[in-house]
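Numbering of residues begins at 1 and proceeds along the displayed sequence. Keep in mind that this is a model prediction, so the values were computed, not measured.
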Amino acid sequence: MSDPAVPLTLGSRILSEDGYAVVTDLERHGVRLRFSTGEDRSVTFTQLQARSVGDDGPQAVHVSLFPWWLQLEDSVRREALFKQECVLEARTGFRFGLRELAQPGEPFYPFGDDFGLSLAARYREMSKVVSFERFTDRAVMRRVYDGELQDHRIAPRTLQRWDNLWASGGLRRLVDGRAIKGRQAFDVIDADFRRLALEKFAQYDGSKSRPNLQEIERQIRVALKNEGITDPHLPDRITQEFLSYHWRATGSSVRAQRSKSLRRVAGHQSYPAQHPSELATDLTIANNFVLDPLRERAINVEVGVIHSIATRVIHGIRVFPRGARGIDVGLLIYDAMRQFAMVVDGTTIDDFRWCGIPESLDLGGNPVHIGRRPTVKRDLTIQGVHYLPGVAPTSLRSDHGSIFVGEHFRALLNHFGIELRLSRGKKPTDNPHSERKMEDLERAYQQVPGYKGRSIHQRGRFIGIEADEPLLTADELERHFRRWVALDYHRMPHDGLTLPGAPGIRLTPLEMHDALADATGRILVPQHPDLLYQFLPIIWLSPGHAGVEHKNLTYDAVVLEDFRSVRPGTFRAQDSAMPFHIDPRDVTRLWFRHPDTDRIHEIPWKARHLIHAPLGDVVRDRALERIKERGGNRSINRTRIMRQIIEEIGELTTAPTTDEWRARLAAAQLRWEQSQRDHAEVADAHRVLEEQAAAGLPRIRRPEPSTTPDGAEDPFDFDAALPDYDEEAI
């Protein structure tokens with residue numbers, strides 16, 4: 001062990017990578033050293049650490065050996081010093097390589113340049129000397145007797161090999177590599193190299209493409225050269241280990257690099273969601289191709305999911321065309337507010353159907369349904385009814401995407417009193433539950449044709465139509481997702497679900513939902529068949545004797561007879577306009593809520609029966625652009641405008657067009673089909689209610705808004721959520 005540090009003086013011995021050195025002069029900020037290689041140079045005090053190591057050991061160590069040298073075992077250090085002393089004495093005649101550090105009797109014959117023998121001859125003589133010394137060393141001979149060493153002698157060739165190692169790398173090369181394998185720390189690498197390497201690795205946070213490791217090393221060495229560092233100490237093995245270790249730590253892919261960089265700003269505790277009504281949502285590109293019947297080719301679609309953070313129940317899942325809009329994600333909330341059921345009978349599985357609510361009072365004088373229905377099947381069989389529970393959202397976690405911060409979506413959340421909790425920009429770890437939910441969908445993706453993998457490097461050569469694979473349509477993929485949710489995901493225990501006081505218990509999402517529902521009470525929105533229209537935008541139009549006109553399309557229905565000439569201020573103060581709901585996915589009809597009956601009535605486009613193609617806002621707007629390009633419509637009357645729009649829509653739908661426009665038409669087709677299904681559900685619900693009313697089931701009056709004990713309005717009473725036409729529209 002080393003003794004306490006001692007001050008440096010003239011003649012102090014220094015151990016460095018280049019052998020021994022002796023202090024020849026004390027300078028203001030350092031010392032002047034003469035090295036065993038014959039070189040003289042000044043070094044600062046900060047590069048030396050003074051210490052006494054015994055009579056034959058160094059009195060100070062150069063910083064170039066820290067901390068590598070001190071990490072070695074004593075036996076390894078002694079062996080390396082012994083080899084160096086043999087080399088230095090053969091070369092210079094002095095054990096420590098310097099005349100100032102001469103031991104008694106040095107130089108001995110024939111070592112050093114004074115006796116005129118070649119270096120090979122000197123090593124032959126040195127072989128005899130060290131072999132004799134080792135023969136008299138009991139420790140060495142004991143190792144020979146025990147079979148650890150084959151012989152106590154050291155051959156001249158071995159000494160010459162030591163000489164070559166010392167000449168190429170100094171003391172470091174004389175250390176037995178077997179003794180330091182797996183024990184060296186990265187501190188032995190030049191500090192500037194390590195600094196530049198860490199700075200370089202920090203740049204790869206998922207925003208830059210990932211080069212190979214050889215290119216990274218080249219860039220680091222160039223940076224070293226630019227800083228004027230031309231002789232860094234970079235042992236090959238440990239340097240490559242250092243680079244490989246830190247390169248792996250950044251992540252094996254750009255996605256992994258992004259994830260690791262976000263951990264520095266991610267939370268370290270679980271999201272404190274305790275109520276089933278705290279939801280999260282997200283959209284992502286589906287990992288399956290679907291068939292576009294219009295273009296007869298495979299296309300990409302997006303999948304939107306809304307789920308409860310506390311229970312992990314998926315309350316809604318939809319397939320959207322690329323470029324989903326605010327109204328699309330608003331329909332996810334619409335799904336979350338409704339309870340669905342799916343029936344499995346043998347090998348027949350129907351689609352989810354809106355099944356009303358387990359406990360509620362209807363908003364519109366419809367029959368009463370009481371008694372909370374558990375969502376978990378009491379048996380373990382797959383046969384029977386499977387429920388997808390609904391919930392009244394109180395908060396919604398989403399990323400900072402434009403569709404979530406848009407005017408329509410924010411107005412929709414304000415309308416229902418839902419708090420929007422946005423993640424920070426470019427910080428997906430703020431919404432980890434939704435990110436993880438998209439990973440859960442991998443099981444569903446792989447069960448149907450068209451699976452393309454998570455990334456390009458996982459994609460096979462033949463997928464979709466090219467391999468004659470029977471792709472699903474977007475509608476079929478959505479039905480598959482719903483079946484997977486009911487029959488797979490909701491029936492599997494979820495590792496993220498725990499109950500206080502019951503460690504190790506395994507819960508499914510539906511079991512967690514029922515457990516929290518018992519604790520929280522009613523968590524559903526009171527249901528009404530016309531709930532859909534609260535999620536559609538409102539436009540204000542003034543009806544005339546020909547109906548109402550919007551975007552050069554005229555709409556009319558019998559229900560408007562009493563509103564042809566309404567008095568200003570009837571619906572809003574400034575004019576005689578009336579509120580109409582519009583669905584941008586299908587602009588062939590509007591919807592009007594009658595102020596007396598509170599029923600929604602369909603107001604169709606007059607020429608709806610003349611076209612046989614989807615008419616969404618995208619198609620309509622493009623048709624109007626084509627009319628404008630032809631010279632406008634000032635010289636023609638309303639009837640001709642209608643006919644020209646029909647003509648343009650037919651041309652847009654059937655004539656060959658650009659790939660971009662055909663893609664937009666395909667998206668419009670998908671949205672139109674979803675619109676038909678949503679409005680068909682409403683029609684079916686009204687039909688069921690009329691049948692129940694005809695059977696004499698009781699009706700009730702609409703209840704007044706309830707309040708909490710402190711007088712505040714009940715946040716789960718959505719009677720007040722009905723549109724107020726005296727206020728500004730959504």
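- Under the side chain to side chain donor-acceptor pair (under 3.5 Å) criterion, R122 pairs with D113, not counting sequence neighbours.
- Taking CZ of R91 as the start and OH of Y123 as the end, the distance is 5.5 Å to the nearest 0.5 Å.
- Scanning both residues, L159 and C86, for their nearest heavy atoms gives CD2-CB, 4.2 Å.
- The environment of CZ in R153 is sparse: at most 12 heavy-atom neighbours from other residues, nucleotides or ligands sit within 6.0 Å.
- The backbone N or O of K128 sits nowhere less than 3.5 Å from a side-chain atom of S131 that would complete a donor-acceptor pair.
- Residues L171 and A80 approach most closely at CD1-O, 3.9 Å, considering heavy atoms.
- Of the inter-residue distances, the one linking L224 atom CG with I220 atom CD1 reads 8.0 Å to the nearest 0.5 angstrom.
- To the nearest 0.5 Å, atoms CD (E511) and NE2 (H494) are separated by 13.0 Å.
- T24 places a side-chain N or O within donor-acceptor distance of the main-chain N or O of R32, the cut-off being under 3.5 Å.
- Residues satisfying the side chain to side chain donor-acceptor pair (under 3.5 Å) test with S127, not counting sequence neighbours, are none.
- Without hydrogens or angle criteria, Q103 side chain to L101 main chain gives a donor-acceptor distance under 3.5 Å.
- Residue L15 holds its CG atom at 9.5 Å from OG of S36, rounded to the nearest 0.5 Å.
- Remark: E79 engages K83 in a salt bridge (charged side-chain N to carboxylate O under 4.0 Å, His left out) (not counting sequence neighbours).
- No salt bridge links D282 with K437; every basic N to acidic carboxylate O contact stays at or beyond 4.0 Å.
- The closest donor-acceptor contact from the side chain of N288 to the backbone of P449 lies under 3.5 Å.
- A donor and an acceptor atom, one from each side chain of R173 and S168, are located under 3.5 Å apart.
- A cation-pi arrangement is not found for R443 relative to Y489, the charged atom failing to lie both closer than 6.0 Å to the ring centre and inside a 45° cone about the ring normal.
- Taking each heavy atom of H480 and A444 in turn, the nearest pair found is NE2-O, 2.8 Å.
- Using the six-membered ring where Trp is involved, F242 and F201 have ring planes that are tilted, between 30° and 60° apart.
- Around CZ of R195, the count of heavy atoms belonging to other residues, nucleotides or ligands within 6.0 Å exceeds 12.
- L174 places a side-chain heavy atom less than 4.5 Å from the side chain of W162.
- Across all non-hydrogen atoms, the minimal contact from A286 to V303 is CB-CG2, 3.6 Å.
- With R194 contributing its side chain and I189 its backbone, the two residues share a donor-acceptor pair below 3.5 Å.
- The 12-atom threshold is not exceeded at CZ of F132, counting heavy atoms of other residues, nucleotides or ligands nearer than 6.0 Å.
- No hydrogens or angles considered: a donor-acceptor pair under 3.5 Å links the side chains of E215 and Q219.
- To the nearest 0.5 Å, atom CD1 of residue I314 and atom CG of residue D440 are 7.0 Å apart.
- Checking side-chain atoms of T508 against main-chain N and O of P493 turns up no donor-acceptor pair under 3.5 Å.
- A pairwise comparison of heavy atoms in T92 and G97 identifies OG1-CA, 3.4 Å as the closest pair.
- The shortest distance between side-chain heavy atoms of L81 and Y20 falls below 4.5 Å.
- Applying the salt bridge (charged side-chain N to carboxylate O under 4.0 Å, His left out) criterion to K200, with sequence neighbours excluded, gives no partner residue.
- In this structure a side-chain-to-backbone donor-acceptor pair under 3.5 Å is present from E106 to R95.
- Residues passing the side chain to side chain donor-acceptor pair (under 3.5 Å) test with H490: none are found, sequence neighbours excluded.
- With sequence neighbours left out, R99 forms a side chain to side chain donor-acceptor pair (under 3.5 Å) with no residue at all.
- F289 has its ring centre no less than 6.0 Å from the ring centre of Y445.
- The two residues L243 and A197 come nearest to each other via the heavy atoms CD2-CB, 4.4 Å.
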